[in-house]
Protein chains: 2
Amino acid sequence: MTGESDLASLGALVGDRVRAALLLRLLDGGATTASELAAAAGASASLTSSHLRRLLEGGLVSVTTSGRHRLYRLAGVEVAEMLEAMQLVAPETPVTSLRGERSRRRLRRARLCYDHLAGVLGTAVTDGLVTRGAVVLADGAALGERAEEVLGEVGLDLAPLRARERRLLRECTDWTERRPHLAGAVGAAVATRMIDSAWVVRRPGSRGLDVTADGAAGLEEWLGLRLRDLDGWRETAPGLAG
Amino acid sequence: MTGESDLASLGALVGDRVRAALLLRLLDGGATTASELAAAAGASASLTSSHLRRLLEGGLVSVTTSGRHRLYRLAGVEVAEMLEAMQLVAPETPVTSLRGERSRRRLRRARLCYDHLAGVLGTAVTDGLVTRGAVVLADGAALGERAEEVLGEVGLDLAPLRARERRLLRECTDWTERRPHLAGAVGAAVATRMIDSAWVVRRPGSRGLDVTADGAAGLEEWLGLRLRDLDGWRETAPGLAG
DNA sequence: ACGACGCTTCAACGGCGGTTGAAGCGTCGC
DNA sequence: GCGACGCTTCAACCGCCGTTGAAGCGTCGT
């Protein structure tokens, strides 16, 4: 019993409706105010505050105070990875409303998984990188021969990434797609690049993403991706923002 | 809220002292009787039974009945991976007793992580495979040029593994060592081989492993591993069984 | 400086869930 | 077949934790 890791208290920490909603909301990797978190979790300010305090004490989130706002974020990559691993096991909550169904589909289409792309878009970009020889997913995950070249086309330089101690590539099994997508330093860099170039924009108050017209064009040129043709893409309304 | 995965109920399921102990006990990947699980969790038979029922309903464990015994095991790899991811985040329970300290050290030294090696032994074997060019951990995880040859030396054939749909290589960050070790189909095959050749033996009632004299000799010959010289190995008593 | 606002703290309530012990049920050994 | 055994089920108790509403505290606008 003793000397083991304390799974029980960690599980209990995640095992509350409100706290789980807070963690999922924070899974976009951003810093979020307490009030926005309250809204996202559908809970009162006081309740949210007490739950955030417990998440803080449990080391799952960190906080930086900025003026009269307190910005919460996930405590680190391990927390995000843990949440992803849990989502892979957790059953889906039944969809009750039309709103819920729409937001579920949007989330499935494109979202941030802490710092990299996930959803249909995430797996498609990964597939595209594989096709173009930038990434190899045969045995495990490795950089392909054309990695420098392909990533360079969108202005990504591998050198600074290699310098960091963080693992370059990591596979992350997508919760909705049940297929691997690209994570690690390279996955994060690709996501950052796409946000910076406004190929995708964050959907306010969610970890969901919208692909812009620029993004659709850019992805087709860069990786030969035709978003419209992807499984699970057209299920929803237009899908292009901006 | 709706359309998300139900993290909360999953967390709550893990978030109980007894259930967490049961899951950790099952993390050796084996099938275990209800009574042994009760003993491991330090709970009464009836209590254990009710908890196992909930784990069953939650899809975390599966059961096969054999005579008057019921054999429980983890429901799948995803569950094991989730538990590993959680252990990486969970704090360690404070060690209270001498017994606890000894078992903790033994666990740290060598154990099964569902189907592959973990602990000091797990990372050391992984390092050895990297050194010998069977595995590359530079960017992600991939087979090295000498994979066939090196694995062949202990009678492992990659062909049947490739045929399976399961990913060949996966990195699994070790909870105690905080470093990657080898998982995936290859990691599982290596562990199975070592158990079959009696290089290591399961410690009864635990996921801990003991290295035999044969194993120590074999590992030195195969990978040039000198167990005695490993960090964290000699902290404990002899360490050789059989 | 004043009030509005963002957020936290506190005390009190209510209910879910863990725990127990005894009874029930099927399986194995003699 | 009988009893021992492995395991599960049930009813009842009890404690903890999530929830609420109001009060407190620091920060920002004017």
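Since we're looking at a predicted model, the values are computed, not measured. Chain identifiers are assigned alphabetically (A, B, ...) following the order of the sequence lines, protein sequences preceding nucleic acid strands; residue numbering begins at 1 within each chain.
- For A/His181, the ring-ring contact (aromatic ring centres under 6.0 Å, His included) test picks out A/His116, with sequence neighbours left out.
- Residues forming a side chain to side chain donor-acceptor pair (under 3.5 Å) with A/Arg170 (at least two apart in sequence, or on another chain): A/Glu81.
- Phosphate contact (OP1/OP2 of D/dT8, side-chain N/O of B/Arg53, threshold under 4.0 Å): absent.
- The salt bridge (Lys or Arg N to Asp or Glu O under 4.0 Å) contacts involving residues 112-121 of chain A comprise A/Asp115-A/Arg166, where partners must be two or more places apart or lie in separate chains.
- For B/Asp16, the side chain to side chain donor-acceptor pair (under 3.5 Å) criterion is met by no residue, not counting sequence neighbours.
- With sequence neighbours excluded, the residues that form a side-chain contact (heavy atoms from CB on, under 4.5 Å) with B/Arg25 are B/Asp28, B/Thr32, B/Glu36, B/Leu37, B/Ala40.
- Using a 4.0 Å heavy-atom distance criterion, B/Ala45 is classed as a base contact.
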Item checked: Contact pattern, 5' to 3', of nucleotides 18-30 of chain C - B, S or - by protein heavy atom under 4.0 Å -> SSBBB----BS--

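- For C/dG6, the OP1/OP2 oxygens have no side-chain nitrogen or oxygen of A/Arg70 closer than 4.0 Å.
- For B/Tyr72 and D/dT8, the shortest distance from a side-chain N or O to OP1 or OP2 is below 4.0 Å.
- Scanning for side chain to side chain donor-acceptor pair (under 3.5 Å) contacts around A/Arg202 gives an empty result, with sequence neighbours left out.
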Distance-only donor-acceptor hits, side chain of residues 57-75 of chain A, under 3.5 Å, sequence neighbours excluded:
| from | atom 1 | to | atom 2 | distance (Å) |
| --- | --- | --- | --- | --- |
| A/Glu57 | OE2 | A/Arg53 | NH1 | 3.0 |
| A/Thr64 | OG1 | A/Arg73 | NH2 | 3.3 |

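- Not one N or O on the side chain of B/Ser206 forms a donor-acceptor pair closer than 3.5 Å with the backbone of B/Arg203.
- Within residues 56-63 of chain B, no residue is approached by DNA chain C to less than 4.0 Å at the level of any non-hydrogen atom.
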